[in-house]
Structure formats: structure tokens, C-alpha cells
Amino acid sequence: MLSRLLKEHQAKQNERKELQERRRREAITAATCLTEALVDHLNVGVAQAYVNQRKLDHEVKTLQVQASQFSKQTAQWISMVEGFNQALKEIGDVENWARSIEMDMRTIATALEYVHKGPLTSAS
């Protein structure tokens, strides 16, 4: 009877060990599957972030080129406006010069008229 109990006990222990080993393998398999699923999910996110980063880098380069072109064009516009302002100043200078010449010519004309009429008026 004791040997039968011992055999039954050993058989139950072996069953428990096998059951425990099977459960351990199942747990390892489940943990591995979970880990792979999590890593795959993270890899999708990382891949999307990488694609987005490349798009952003491309957009930044494009924006830098456009900003540089805009800066050059703005410099050209500023140069043109400065040239226009200088031309306006020169026109103003010419206008002032013309007024000055006109006033000098009137003064000379008045002086000549006075000189020309002067002796006639004093003779009468």
C-alpha cells in the first residue's frame, strides 16, 4: 500500500511538473508573441516618424531656398526703390536749378531792359 501511494504521489508530481513546464512554455510563447506585437507596433510608429522627419527636412530645405530667393528679390526691390528715390531727388535738383536759372535770367532781362530803357527815360 505504501509503495502504491508513493507511486501515485510520484505520478501526480510528474503530472504537475509536466503541467507546470507546459504552462511555462505557453507563458514564454505568449510573452514572446506579445513582445513581438509591441515591437512591431512601435516599429510602425518609428517608421512613420522617420518618414515624417524626412518630409519635414525636405520642406525645410525648400523653405530655405524660397526664403533665400525672396531675400534676393527683396534686395533687388530695395535697390530699385533707392534708385527711384535718387532719380526723384535729381529731378528735384534739376527743377531747383531751372528755377534758379529762370530767376537769374529774369534778373538779367530786367537789368538789360533797365539799361536799354534807362538812357531814353533820362533824356526825356
Gln20 CD: over 12 foreign heavy atoms closer than 6.0 Å: no

Would you give me the side-chain donor-acceptor pairs under 3.5 Å for residues 60-74, sequence neighbours excluded?
{"unit_1": "Thr62", "atom_1": "OG1", "unit_2": "His58", "atom_2": "O", "d": "3.0"}
{"unit_1": "Thr62", "atom_1": "OG1", "unit_2": "His58", "atom_2": "ND1", "d": "3.2"}
{"unit_1": "Thr74", "atom_1": "OG1", "unit_2": "Phe70", "atom_2": "O", "d": "2.7"}

Hphob cluster co-occupancy, Trp97 + Met105, side-chain heavy atoms under 4.5 angstrom: yes

Within the distance-only criterion (no hydrogens, no angle test), does the side chain of Ser100 pair as donor or acceptor with the backbone N or O of Asn96 below 3.5 angstrom? no

Output the distance between atom CG (Leu88) and atom CD (Gln86), rounded to the nearest 0.5 Å. 9.5 Å

Salt bridge present between Glu59 and Lys55 (N-O < 4.0 angstrom): no

What distance separates His9 NE2 from Ser3 OG, expressed to the nearest 0.5 Å? 14.0 Å

How many angstroms lie between CG in Asp104 and CZ in Arg99, if you round to the nearest 0.5 Å? 14.0 Å

List the atom pairs, donor and acceptor, that lie under 3.5 Å between side-chain atoms in residues 40-51 and the rest of the protein, sequence neighbours left out.
{"unit_1": "Asn43", "atom_1": "ND2", "unit_2": "Val39", "atom_2": "O", "d": "3.4"}
{"unit_1": "Gln48", "atom_1": "NE2", "unit_2": "Asn52", "atom_2": "OD1", "d": "3.1"}

Between Glu15 and Lys12 (salt bridge meaning N to carboxylate O under 4.0 Å), is one present in this structure? no

What residues, two or more places apart in sequence or in another chain, satisfy side chain to side chain contact (heavy atoms under 4.5 Å, CB included) together with Arg106? Glu102

Can Lys17 and Glu21 be counted as an ion pair, charged N to O under 4.0 angstrom? no

Side-chain donor or acceptor of Thr29 paired with backbone N/O of Arg25 under 3.5 Å: yes

Going by an N to O cut-off under 4.0 Å, is there a salt bridge joining Glu18 and Arg22? no

Nearest-0.5 Å distance that lies between atom CG in Asn14 and atom CZ in Arg16: 11.0 Å

